[in-house]
Amino acid sequence: MENMVFAEELVREFLVFRGFTNTLQAFVKELGTDIGKGFQVDKILDLIFSIYIPKFQAENLIQLLRFFNNCFSSHETHLVSVISELDISIIRYYIIHAIQAGRKDKVIELFDIHGTELLQKDQHWASWFAIPYIKTPKSEPQFRLYFSKEWSNALHLSLRNFLTKMFNGTRIPALMKISSERNMVSRLKGDIKQLNFKLAQLQVLLEEKETQLHQLRSNSLLATEVIVGTDSSSNPLAGSGEPTVFVPASSHVICVSASAQAGEREPKHSEDIRPDDTQVSTSKISNHSDTGNDVQREEEFPEVRVDFQETFLGHTSPISRCRFSATGDNVASASVDGTVRIWTYDSSAPTSRNATIYCGAEIMLLEWECKSDRLLLIGTADGGIKAWNVDAKRVVCDLSCTEAFPSVLDLKCSPVEPIFVSAAASRWPGSSDIGKLGYASLTVWNMRTWKAMTVLPLGEDPPPITSVCFNHNGKLLAAAATDGMIHMFDMSAGLQITGWPAHDSAISSVLFGSDETSIFTLGIDGKIFEWSLQNQGEVLWSSDCSRFCNLRSSSHNKHEMALDAYGRRLLVTSNSLRAPIYQVRGHAYGMRTLPHSASITTVDWHPTSSIFLTGSADHSVRVTSMA
């Protein structure tokens with residue numbers, strides 16, 4: 001839609017430039033009566049089912065159907081036949097609606113004007129010419145189907161799917177590609193600027209390391225010379241004509257001596273070891289290990305090397321959620337006192353979207369809309385779902401869950417379609433008991449009409465769904481349940497296509513891998529698995545982070561994890577002051593975040609950079625860029 005508006009502005013600008021005023025007037029008039037509604041499926045469906053049919057505008061309806069026949073006439077033969085079938089069904093829907101509304105005169109009027117044309121297209125219309133004269137056509141066998149709710153719902157869904165498929169497959173004019181290419185160039189310029197900045201930082205860091213290395217070598221040589229130049233009387237080989245050579249006990253002793261000579265303090269504890277000393281620290285742990293296993297435990301992970309870190313102190317209670325926007329330019333953070341803050345961590349970024357939102361209930365969930373990056377969904381502990389427009393700075397929708405499912409456990413927006421999925425439970429969550437939430441409900445919502453579209457099937461009395469996640473194109477939805485099951489849904493069909501038991505306990509978080517061939521799950525017992533989607537049931541990688549995030553010994557309602565943009569690092573919330581960062585499928589490498597002053601309750605990764613968020617019970621949110 002954005003590309004089409006931009007293309008229309010280009011045409012308007014060109015016509016003004018060339019002085020084609022008559023053409024410009026005709027163009028503006030055509031835009032004002034755009035029968036195709038800019039090829040926006042939702043607007044076309046509203047036009048048909050909310051205006052033309054309810055208001056008995058048969059002529060406009062016939063013109064719209066002719067327009068689409070002309071648009072799609074160049075497609076394959078089987079698609080043309082589908083168009084013809086849909087045309088017939090839409091006109092029959094109009095007739096049935098008029099009969100139900102008691103307007104048989106509108107049916108007679110339609111047949112008077114277009115009866116001959118309809119009969120030429122399909123001989124089956126002959127029996128329909130009698131319908132306005134039948135007293136109770138609903139009871140007639142040949143018409144009974146068309147009065148059913150199932151048939152009308154199937155027509156709505158079929159028409160939506162068909163138009164979506166056709167518009168997505170339509171060749172885009174070159175004029176409309178200009179906007180996309182302009183956005184791509186702008187994005188590439190931003191990436192180049194960021195990479196140049198990173199390169200400059202790395203060059204400065206390299207120069208500093210080379211200077212330190214030169215100083216260490218100079219100090220080591222100086223220490224050797226001092227020992228070699230000791231009084232010969234203390235050396236039994238002195239005077240024997242053989243050269244005196246000093247062989248150090250270990251290179252580590254020389255480094256310590258050099259450091260001491262330079263006036264530096266030797267580290268006594270692992271917490272005192274600087275990031276530069278990571279290699280020495282690792283070697284010490286390996287030398288003193290009784291097991292001989294080279295896989296590090298989380299407590300042995302080195303501290304993450306930091307490029308920069310910013311701390312946001314705008315909250316007055318523990319942080320419950322924090323999320324980067326889809327572009328990464330903005331951050332939304334929420335606290336248990338019902339406050340949501342939208343802010344930027346980059347001082348050069350515009351602050352026009354910064355806002356404070358008071359929701360009146362504890363914030364459980366935050367989710368940015370993926371496509372426009374303008375809407376923020378907020379899930380509250382009282383079962384509410386609010387939609388905040390960051391540009392208009394107002395709540396554009398305030399939904400409430402049904403009485404049957406009053407507790408919202410997760411929200412996820414589709415990366416492609418203007419829809420989101422809510423996972424709700426039939427009972428309110430307790431303080432830390434994720435397993436006693438009653439039954440589950442998965443609802444798909446339309447973000448244009450803000451109405452429920454469908455409820456995904458889960459079977460009879462299903463266990464609560466604690467976490468959901470879309471894949472990259474929005475065609476698959478993964479849902480994790482309290483019984484340890486993973487459910488996979490085909491969103492185009494709205495049906496469950498597979499599932500498997502992933503954990504012995506409830507699952508707290510689920511994520512698709514970056515290459516879309518695997519899926520990550522985090523159990524409440526702290527166990528992490530990466531499951532293959534190509535060979536169902538195969539575990540590609542696993543780890544046990546129960547020392548950091550065992551929900552059974554935690555005050556958190558739910559732990560979560562986040563995968564970086566490259567799919568290589570997995571960040572997990574923590575009961576301690578630091579959070580672990582696992583190297584996915586790595587065997588001997590991991591890191592720990594810099595410490596907060598309380599437990600880490602929420603995490604997230606920047607969508608394109610090695611920057612992560614950590615929200616804590618100490619009321620702070622930190623933005624950390626890895627060096």
Side-chain angles (χ1 to χ4, degrees), residues 320-321 323 334 336 338 359-367 377-387 397-414 419-445 450-470 477-489 491 494-496 499 501-511 521-525 549 551-552 554-561 573 601-602:
S320 57
R321 279 293 181 273
R323 292 290 185 267
V336 298
C359 298
E362 179 181 350
I363 309 300
M364 307 295 291
L365 304 162
L366 292 176
E367 175 72 2
L377 300 183
I378 305 170
T380 58
D382 59 1
I385 303 174
K386 302 179 188 295
C397 184
D398 196 348
L399 304 173
S400 296
C401 292
T402 62
E403 294 182 1
F405 298 97
S407 177
V408 182
L409 301 183
D410 203 7
L411 297 172
K412 282 296 183 297
C413 291
S414 168
I419 62 173
F420 73 91
V421 173
S422 66
S426 60
R427 299 179 189 171
W428 295 101
S431 59
S432 62
D433 194 349
I434 199 173
K436 297 181 179 179
L437 296 171
Y439 302 124
S441 175
L442 277 180
T443 306
V444 182
W445 300 81
W450 299 109
K451 294 180 180 179
M453 295 172 55
T454 186
V455 176
L456 298 178
L458 287 169
E460 186 177 355
D461 298 337
I465 300 297
T466 56
S467 180
V468 293
C469 183
F470 281 97
L477 179 78
T482 56
D483 61 352
M485 286 289 295
I486 295 294
H487 304 274
M488 300 291 291
F489 292 90
M491 293 304 293
L495 298 174
Q496 182 173 338
H503 288 258
D504 295 331
S505 60
I507 301 175
S508 183
S509 183
V510 62
L511 292 172
T521 57
L522 169 64
I524 65 170
D525 56 1
C549 59
L551 193 61
R552 292 165 178 167
S554 167
S555 60
H556 300 171
N557 282 329
K558 187 171 70 169
H559 277 285
E560 63 179 7
M561 57 183 174
T573 52
T601 56
T602 179

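Hydrogens, waters and symmetry mates are skipped; everything else that's a heavy atom, side chains included, is used.
Annotation: the span from Phe470 atom CZ to Leu477 atom CG amounts to 5.0 Å, rounded to 0.5 Å. Of the inter-residue distances, the one linking Leu511 atom CG with Cys469 atom SG reads 5.5 Å to the nearest 0.5 angstrom. Between the CG atom in Leu458 and the CG atom in Leu456 there is a gap of 7.0 Å [rounded to 0.5 Å]. Put simply, NZ on Lys558 and CZ on Arg321 are 5.5 Å apart, with the number rounded to the nearest 0.5 Å. In this structure, CG in Asp410 is found 10.0 Å from CD1 in Ile465, a value given to the nearest 0.5 Å. For the atom pair Thr443 OG1 and Leu399 CG, the distance stands at 10.5 Å (nearest 0.5 Å).
For the side-chain hydrogen bond (donor to acceptor under 3.5 Å, both in side chains) test, no residue two or more places apart in sequence or in another chain qualifies with Ser509. Taking the side-chain hydrogen bond (donor to acceptor under 3.5 Å, both in side chains) definition, one finds that Thr521 meets it with His503, Trp531, sequence neighbours left out. Legend: residues meeting side-chain hydrogen bond (donor to acceptor under 3.5 Å, both in side chains) with Gln496, ordered by chain and number and at least two apart, are His487.
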Set out, in order, the CA-CA distance, both residues' side-chain angles and the distance that settles side-chain hydrogen bond (donor to acceptor under 3.5 Å, both in side chains) for Glu560 and Thr602, then state yes or no. CA-CA 7 Å; Glu560 63 179 7; Thr602 179; 2.4 Å; yes
Can Thr573 and His559 be said to form a side-chain hydrogen bond (donor to acceptor under 3.5 Å, both in side chains), step by step? CA-CA 6 Å; Thr573 52; His559 277 285; 2.6 Å; yes
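Side-chain contact between Leu442 and Val468: present, with at least one pair of heavy atoms (C-beta onward) separated by less than 4.5 Å.
Taking the six-membered ring where the residue is Trp, Trp445 and Phe420 present parallel rings, their angle staying beneath 30° rather than reaching 60°.
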